[in-house]
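First the structure, in the form of structure tokens, and then the observations on it.
In what follows, every chain begins at residue 1, and chains take the letters A, B, ... in the order their sequences are listed.
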Amino acid sequence: MLLPIENRRYANEITADDDGERVSIAGWVHEKRDLGGVLFLIIRDRAGYVQITLQKRRVEKELFEKAKKVPRESVVVIDGIVKSEKKAPNGYEIIPIPGHGRIEILSVALHNLPLDTTGKVGAELDTRLDARFMDVRTERTKHIFIIRSMVQRAIRDFLSERNFIEINTPKIVSSATEGGTALFPISYFEREAFLNQSPQLYKQMLIASGFDRVYEIAPIFRAEEHDTTKHLNEAASVDVEVAFVSDETVMKLLEELIAHVYSTVSLYPGLKSINVQLEVPKIPFKRLRYDEAIEIILDAGEQIEWGVDLSSSAERILGEAMGEHYFITDWPYTIKPFYVQFTGSKDKGKGKDTCDAFDLMHPRLELASGSQRVHSYELLKENIESKGLSVDSFEFYLNAFRYGMPPHAGWGLGIERLLMSMLELDNIREVVLFPRDRRRLVP
RNA sequence: GCCCGGGUGGUGUAGCGGCCUAUCAUUGAGCCCUGUCGAGGCUCGGACUCGGGUUCAAAUCCCGACCUGGGCGCCA
């Protein structure tokens with residue numbers, strides 16, 4: 001390597017004040033502007049753009065020709081002097097050093113790029129996903145994924161500050177977590193196994209281990225054939241479980257987490273290239289009981305019976321009525337999983353048995369769901385049986401409830417849904433680098 | 001899984017029976033141009049998803065396959 005590439009500066013580490021300094025820059029050739037006697041190369045790195053200016057009269061002929069011929073999106077290193085220049089973008093440009101000046105091409109890009117990285121010509125999502133590596137070179141997409149990283153870091157910071165232990169649970173499992181969703185079967189040596197739909201059972205088992213506050217950020221897999229803008233077959237979930245607390249406590253934790261994530265992201269300057277105005281939601285979020293939600297939906301003229309899950313249009317009606325984040329609480333017991341705590345007395349006598357479960361809703365879609373859990377071995381076993389599931393296949397889980405299991409509550413939050421709702425994106429695939437959906441397995 | 005749209009140069013599009021030897025932008029090649037920042041000007045190259053059918057004539061109409069966008073269902 002001829003150039004000091006490892007001491008290179010990022011675009012945002014140079015200013016007009018560095019006038020006269022010798023620097024090296026490494027990146028992709030974003031644009032070339034050939035004016036005949038002067039040639040501008042716009043080099044893009046992770047942090048931004050730097051203009052390299054070559055004046056035909058002042059540089060060696062070979063260097064000028066080389067710069068003129070370098071294909072867009074090629075990777076180059078440039079060694080030059082910073083020159084303060086009002087006419088240049090950002091108020092400075094890099095001038096290759098006379099006599100020593102050099103532009104080294106580290107990797108030549110093919111032409112006929114799969115998509116335009118400058119934003120002049122758009123591309124459809126499908127085209128972008130096929131060439132995702134190049135799509136991430138565009139401003140908007142790059143910032144979406146930097147924000148995704150910020151969000152995950154903010155969540156980890158928030159939870160570890162509150163004394164949570166980050167855990168890792170298996171993604172290859174022997175049986176379904178809770179029924180309901182379809183699982184992907186895989187071959188595990190001589191046996192059949194599945195990809196995990198949720199860490200639910202394992203995080204609860206760790207509550208019995210004495211880790212009284214746990215969380216995991218990990219993929220979940222759902223084999224549903226849905227093909228919509230808000231579903232994925234592989235998604236990322238933040239799962240939290242807390243011992244010795246009620247559902248109300250974990251709801252507070254959840255809303256505080258959401259507010260924390262929003263306020264962290266709202267400071268990010270890259271938001272403007274996604275064209276979104278981020279308002280930190282006010283907490284506490286409104287609480288809406290399931291029966292109140294049903295009233296609102298019926299008042300809007302939509303047919304719905306007490307005891308069923310909410311349809312997409314029902315969710316929309318509620319979203320419009322609420323206008324901001326809200327919780328739906330007191331769900332019918334029959335539509336929630338066996339590990340959810342039965343409320344018991346709240347609606348006694350009405351034949352409408354509820355449970356201590358909640359969903360966190362954004363006006364556009366559901367973000368999270370959680371509950372107070374059953375911690376009695378007997379009750380849990382009974383629930384598994386009454387939901388028509390096999391007690392035998394849950395033995396490994398039930399065992400954890402027989403030797404000292406504290407009361408506990410928790411939730412699972414979809415990271416992609418949080419991101420798409422926060423960034424006002426129409427398609428959940430926008431926030432996944434390499435999404436897995438009904439049709440897409442590559443790249 | 002069901003219902004409704006759509007597949008035109010690398011990308012994004014116009015055209016929707018004959019005027020298509022297919023529009024425009026961007027990209028690429030070449031030329032002119034010393035301050036561009038969506039640089040500009042001129043020249044050139046590059047496409048009708050595939051298969052079958054209707055018709056004197058198909059990018060255009062019909063059928064099938066594949067791909068794709070949206071809605072519903074399922075689901076988080």
Side-chain angles (χ1 to χ4, degrees), chain A residues 30-42 49-59 64 68-69 71-73 83 85-93 95 109-131 134-135 138-139 177-183 197-198 200 219-239 308-316 335-337 357 359-362 365-370 411-418 420-421 426-429 437-440:
Chain A
H30 187 66
E31 280 186 277
K32 284 191 294 179
R33 296 200 193 91
D34 179 4
L35 278 66
V38 62
L39 173 69
F40 301 106
L41 289 185
I42 313 298
Y49 304 88
V50 176
Q51 175 166 291
I52 312 298
T53 303
L54 293 101
Q55 291 188 284
K56 197 171 190 170
R57 278 202 238 109
R58 301 196 180 178
V59 299
F64 193 83
K68 198 172 156 177
K69 291 278 187 283
R72 284 167 64 220
E73 295 303 327
K83 186 186 164 205
E85 172 57 71
K86 282 200 194 70
K87 287 177 284 186
N90 308 322
Y92 75 90
E93 58 195 11
I95 311 291
L110 239 48
H111 58 72
N112 274 355
L113 301 171
L115 47 84
D116 169 40
T117 57
T118 66
K120 280 182 230 167
V121 182
E124 287 186 20
L125 183 58
D126 194 54
T127 305
R128 291 167 45 208
L129 292 176
D130 281 341
M134 185 152 293
D135 182 42
T138 65
E139 275 298 284
T177 306
E178 46 203 272
T181 197
L183 301 187
Q197 68 176 100
S198 148
Q200 181 64 31
I220 55 172
F221 304 91
R222 308 280 164 106
E224 298 296 334
E225 300 237 351
H226 38 50
D227 195 5
T228 76
T229 53
K230 57 180 186 186
H231 289 94
L232 292 163
N233 293 296
E234 176 177 351
S237 152
V238 183
D239 265 87
V308 300
D309 216 339
L310 305 178
S311 66
S312 313
S313 63
E315 278 185 9
R316 258 196 304 279
I335 54 172
K336 289 291 178 182
D359 279 9
L360 171 64
M361 309 294 295
H362 177 275
L365 77 173
E366 180 187 335
L367 299 181
S369 61
W411 42 257
L413 165 70
I415 291 184
E416 287 87 3
R417 288 190 167 190
L418 172 62
M420 81 179 283
S421 57
D426 291 333
N427 197 314
I428 198 164
R429 295 162 182 80
D437 61 33
R438 184 67 187 88
R439 293 160 171 153
R440 187 172 286 277

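- As rounded to the nearest Å, B/C16 and B/U11 have P atoms that lie 23 Å from one another.
- The residue among A/Ala368 and A/Arg429 whose nearest nucleotide of RNA chain B is located toward the 5' end is A/Arg429.
- Residues that satisfy the salt bridge (charged side-chain N to carboxylate O under 4.0 Å, His left out) test with A/Arg128, not counting sequence neighbours, are A/Asp135, A/Glu430.
- With P as the reference atom, B/A29 and B/G69 are 32 Å apart, rounded to whole Å.
- Closest to the side chain of A/Thr127, out of B/C74, B/A76, B/U11, is B/U11.
- Nearest to the side chain of A/Ala123, among B/G73, B/G12, B/G71, sits B/G12.
- Here, B/G6 and B/C42 have their P atoms 37 Å apart, quoted to the whole Å.
- In plain terms, the two heavy atoms of A/Leu365 and A/Ser421 that are nearest each other are CD2-CB, 3.9 Å.
- Rounded to an integer number of Å, the gap from CG of A/Asp227 to C1' of B/C4 is 14 Å.
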**Q.** Protein-to-nucleotide contact annotation, 5' to 3' order, nucleotides 26-39 of chain B [B base; S sugar-phosphate only; - none; under 4.0 Å, heavy atom]
**A.** SSS-S--BBBBBBB

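- A distance of 7.5 Å separates CZ of A/Phe40 from CD of A/Gln55, quoted to the nearest 0.5 Å.
- Atom pair A/Asp309:CG and B/C72:C1' shows a separation of 15 Å (rounding to whole Å applied).
- Using modelled atom types, no side-chain atom of A/Asp359 and backbone atom of A/Met361 make a donor-acceptor pair closer than 3.5 Å.
- If you measure from atom CG of A/Leu310 to atom P of B/G73, you get 11 Å, rounded to the nearest angstrom.
- In this structure, the CG atom of A/Leu115 is 13 Å from the P atom of B/U13, given to the nearest Å.
- Note on A/Ser311: only backbone sugar-phosphate atoms sit closer than 4.0 angstrom, heavy atoms only; bases stay farther off.
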Q | For RNA chain B, the dot-bracket pattern of Watson-Crick and G-U pairs whose distances stay under 3.5 Å, | for other-strand partners | A | (((((((..(((.....[.....))).(((((.......)))))....(((((..]....))))))))))))....

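- With values rounded to the nearest 0.5 angstrom, A/Arg440 atom CZ is found 14.0 Å from A/Glu234 atom CD.
- Checked by atom type, the side-chain pair A/Glu73/A/Thr117 shows a donor-acceptor distance below 3.5 Å.
- Note: A/Arg222 CZ to A/Ser237 OG = 7.5 Å, rounded to the nearest 0.5 Å.
- Contact check, A/Asn427 against B/G70: a side-chain N or O comes under 4.0 Å of OP1 or OP2.
- A/Lys336 places its NZ atom 11 Å from the P atom of B/C75, with the value rounded to the nearest Å.
- For the C1' atoms, the distance linking B/G38 with B/A25 amounts to 11 Å, nearest Å.
- Comparing the P positions of B/G15 and B/G9 gives an interatomic distance of 16 Å, to the nearest angstrom.
- Between A/Ser312 and the phosphate of B/G71, there is no side-chain N or O to OP1/OP2 separation shorter than 4.0 Å.
- In this structure, A/Arg417 CZ and A/Leu232 CG are separated by 8.5 Å, a value rounded to the nearest 0.5 Å.
- Judged by distance alone, with hydrogens and angles left aside, the side-chain atoms of A/Lys32 form no donor-acceptor pair with the main-chain N or O of A/Leu39 at under 3.5 Å.
- For the C1' atom pair drawn from B/C61 and B/C48, the interatomic distance equals 16 Å after rounding to whole Å.
- Across the P atoms, B/U60 and B/G73 are found 36 Å apart, a figure rounded to whole Å.
- The residue among A/Ser313 and A/Arg438 whose nearest nucleotide of RNA chain B is located toward the 5' end is A/Arg438.
- Here the C1' atom of nucleotide B/G70 and the CZ atom of A/Arg316 are 12 Å apart, to the nearest Å.
- Counting to the nearest Å, the C1' atom of B/G7 and the CD atom of A/Glu124 are 9 Å from each other.
- We find that CZ of A/Arg439 is positioned 10 Å from P of B/G1, with the value rounded to whole Å.
- One C1' atom belongs to B/G70, the other to B/A59, and the distance between them is 24 Å to the nearest Å.
- Contact of the A/His30 side chain with the A/Val50 side chain is not registered, since no non-hydrogen atoms from C-beta on lie closer than 4.5 Å.
- With rounding to the nearest 0.5 Å, the separation of OG1 in A/Thr228 from CZ in A/Arg438 is 13.0 Å.
- A/Gly122 comes within contact range of the sugar-phosphate backbone alone, with a heavy-atom separation under 4.0 Å but no base atom that close.
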